Amino acid sequence: MSRLYDTVEPSVIDEDMLQKAVEDQGPKDEAGRIAKTEGIDFADVTQLRLDFKNILKIDNLWQFKSLVKLQLDNNIIEKIEGLDTLVNLVWLDLSFNNIEVIDGLSQLSKLEDLTLYNNRISSLENMDSLTRLHVVSIGNNNLSSLENLIYLRRFKSLQTINLAGNPFCEDPNYKPFVVAHVPSLVYLDFRLIDGNTRAAAMEQYRYAIEELVADETSAENKRLEQEAKDTEFSTQKEAYVENLNGPYLFDTMFEEDPDASKLAALPGVDELLLIYKDKMVGICKQVFEVGLKEHARRKKEVDEFYSCVHDAKRENKAMAIKKIDEFKKYKKKVFEEIHMITDPKMLDTLLSEYTEETTKLWDTLMGLELQLVDQLEDTIKEFERNLADMVAGFVESVQGLISQIRDFENAHHEKQLEIAIITLEKYVKNELDDELPEDLRLLLVDKDTITNAVSASHDTHMLKIDNREDDIIQRANGWLGALMETIHQEEEVTRNRNRVKEINNFVDHIREEVDNLDLPSGL
């Protein structure tokens, strides 16, 4: 079932092996000679065959980021690893190796064809992210549980699978079980699944499938519900107001206060807390609503900005293409005339005109680029000004609302302190009707102790409120700063640099074309 290497020297995937494989599988003849001379960038390689190399470990493939097809069959590989960077892989062959566990495939979300034939695999697992799987070959392994095949139901595009040669194939129910439980299959073990076979299998496992579908539907509904919650919470985080649509801030403020539970036992404080909580939650909800509303406004502004930038670049590009097309027509005409001219003076005149037109083209393209630079600069300035005003308005609204929470906290503190002092006086005179908890009585030893506890509680609450306000403001301003830095870099500096380089390379190429022309002999 697997290849032995006790008598074979394991090989390592090193630079020499990769270079040789790329050259052997690359272009031939003159193209191959040029490629070998100039070198082939591994990042450009789309197919790679490393079969029959006695490879023990998958390694050093990180440069092959464009790889679509990879053959690692007929080696002595024991573990699937080192493939995380091959995110464009569509076809992977790991057949005839010594692999025991399916793993290390989570980043290959584009994979459609997976071959693990003739290994030592005993379980179908760890392939959840391979949602595009169309073909799977995992015959001649150690799969023994038919129930494990239910795992394949998650691959809705799976049409072809080879399972032949596994222990569970000896089970007389093997084929109907697979056909019934993996309804997307068209081919099983290289044979077309006909209608009669499918109907019989579905009838045989009808009740089991109905129960399975019900469980899957329930699980899917829960997943969608959780996904919706996660999306909603993500939006709230982007608006900087997560957990402010309820009592979270109030509850955590008191949870982090070591004296809160003790002071809550003071006579009448429980009623104060209910009033305080109701008022504070009401303001938190206002902050929450303002946050979501302002987030939507900012998002709309950002979307409109990028749409405007896209339109400006598209229009500018269209004008540049028009000028280039006009020049190409002119160039074609000139090149035709060059081969017909026999007078050296006429040829010199024509070449001078061509050089002048080439310079004019460069001037025109650079002028269009300069025009776009000015246009984008104005657009970005206006966008930054608008967005800064939005963030400033949001921050001002938040500060105004949170100042109300501070007022509530100060009012609660004053009333609680008043109750604490009155309770202390009654406690000293033994005039309290109800028995107080032991931890509260320890605070009522004197006025300084109880007032210090109330003040410390107040400080804890104010710190929590201040921290939440600072968090909102810092995140909003930080987002604005990071966004504008990215826009200035990408839409101004990097884009302009690349465009100027592109124009220069294009015009240089045009000049080289005429320099390399085979002019009529004698001229």
Side-chain angles (χ1 to χ4, degrees), residues 220-253 277-315 372 375-409 464-492 494-495:
E220 177 64 8
N221 289 338
K222 289 180 180 179
R223 186 191 69 79
L224 292 174
E225 183 180 342
Q226 185 59 48
E227 189 177 275
K229 289 180 179 179
D230 292 343
T231 300
E232 183 180 1
F233 187 73
S234 178
T235 300
Q236 294 170 10
K237 284 192 72 175
E238 290 173 0
Y240 321 118
V241 292
E242 70 276 10
N243 298 318
L244 287 179
N245 56 336
Y248 179 82
L249 180 59
F250 180 89
D251 292 343
T252 54
M253 186 170 70
K277 183 174 185 177
D278 184 60
K279 289 181 178 180
M280 182 173 173
V281 171
I283 297 298
C284 285
K285 287 182 178 180
Q286 288 185 51
V287 175
F288 182 80
E289 294 300 327
V290 167
L292 291 182
K293 180 182 176 182
E294 291 300 312
H295 170 66
R297 286 184 65 217
R298 293 194 300 271
K299 186 177 184 303
K300 182 182 178 183
E301 184 73 16
V302 171
D303 291 343
E304 289 177 352
F305 164 76
Y306 277 111
S307 177
C308 182
V309 168
H310 173 75
D311 290 343
K313 291 193 287 188
R314 178 174 52 78
E315 291 172 6
L372 180 60
Q375 188 177 356
L376 290 181
E377 184 179 355
D378 292 341
T379 302
I380 290 171
K381 282 181 179 178
E382 183 181 357
F383 169 70
E384 185 170 11
R385 185 165 54 250
N386 292 343
L387 211 56
D389 288 343
M390 286 184 180
V391 171
F394 167 63
V395 167
E396 186 177 348
S397 296
V398 168
Q399 289 175 323
L401 289 169
I402 290 184
S403 68
Q404 294 183 48
I405 295 178
R406 289 195 188 90
D407 291 341
F408 294 151
E409 169 58 32
K464 184 73 175 179
I465 295 167
D466 291 345
N467 286 344
R468 188 60 207 263
E469 180 185 50
D470 290 343
D471 175 70
I472 293 173
I473 295 171
Q474 289 173 9
R475 286 163 64 191
N477 289 327
W479 168 80
L480 175 61
L483 176 64
M484 294 316 304
E485 183 179 349
T486 299
I487 288 173
H488 285 302
Q489 184 64 39
E490 292 182 356
E491 299 299 338
E492 291 187 303
T494 303
R495 190 208 60 77

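Because the structure is a prediction, the values reported are computed rather than measured.
In this structure, Val302 and Phe383 have side chains that are in contact, with non-hydrogen atoms separated by less than 4.5 Å. Side-chain atoms of Glu301 and Arg297, non-hydrogen and from C-beta on, never get closer than 4.5 Å to each other. Proximity of Glu232 to Thr235: side-chain heavy atoms (C-beta onward) are nowhere separated by under 4.5 Å.
Taking each heavy atom of Trp479 and Leu387 in turn, the nearest pair found is CH2-CD2, 3.6 Å. Across all their heavy atoms, Val281 and Pro247 have their closest contact at CG2-CA, 3.7 Å. What you find for Tyr240 and Arg468 is that their closest heavy atoms are O-NH2, 3.3 Å. For the residue pair Cys308 and Thr379, the shortest heavy atom distance occurs at SG-CG2, 4.0 Å. The two residues Val241 and Gly291 come nearest to each other via the heavy atoms CG1-CA, 3.8 Å. Looking at every heavy atom in both residues, Ala388 comes nearest to Leu480 through CA-CD2, 3.8 Å.
Atom CG of Asn243 is separated from atom CG of Leu249 by 9.5 Å, given to the nearest 0.5 angstrom. Atom CD of Gln286 and atom CD of Gln404 lie 6.5 Å apart (nearest 0.5 Å). To the nearest 0.5 Å, the span separating NZ on Lys285 from CG on Leu401 amounts to 14.5 Å. Residue Asp278 holds its CG atom at 10.5 Å from CD1 of Ile283, rounded to the nearest 0.5 Å. To the nearest 0.5 Å, the span separating CG on Leu292 from CG on Leu244 amounts to 10.0 Å.
Within the cation-pi definition used here (under 6.0 Å to the ring centroid, within 45° of the axis), Arg298 qualifies as a partner of Phe394.
Enclosure of atom CD in Glu485 is not indicated, since only 12 or fewer non-hydrogen atoms of other residues, nucleotides or ligands lie within 6.0 angstrom. Heavy-atom neighbours of Lys279 NZ from other residues, nucleotides or ligands within 6.0 Å: at or below the threshold of 12. A 6.0 Å sphere centred on OH of Tyr248 holds no more than 12 heavy atoms belonging to other residues, nucleotides or ligands. Residue Arg495 qualifies as enclosed at atom CZ: its count of foreign heavy atoms under 6.0 Å is above 12.
Looking at Arg223 and Glu220, a side-chain N of the basic residue comes within less than 4.0 Å of a carboxylate O on the acidic one, giving a salt bridge. Arg314 has a carboxylate O that lies under 4.0 Å from a charged side-chain N of Asp311, or vice versa, which qualifies the two as a salt bridge. In summary, Lys381 and Glu377 engage in a salt bridge, as defined by a charged side-chain N under 4.0 Å from a carboxylate O. Between Lys299 and Asp303 there is a salt bridge, with a side-chain nitrogen of the basic residue lying less than 4.0 Å from a carboxylate oxygen of the acidic one. A salt bridge links Glu242 with Arg475: the closest approach of a Lys/Arg side-chain nitrogen to an acidic carboxylate oxygen falls below 4.0 angstrom.
Partner Glu469 forms a side-chain hydrogen bond (donor to acceptor under 3.5 Å, both in side chains) with one of Gln474, Gln399, Arg406 and no other, that one being Arg406.
Side-chain contact of Gln226 with Asp230: a donor-acceptor pair under 3.5 Å is present, judged by distance alone.
Using modelled atom types, no side-chain atom of Asp471 and backbone atom of Asn467 make a donor-acceptor pair closer than 3.5 Å.
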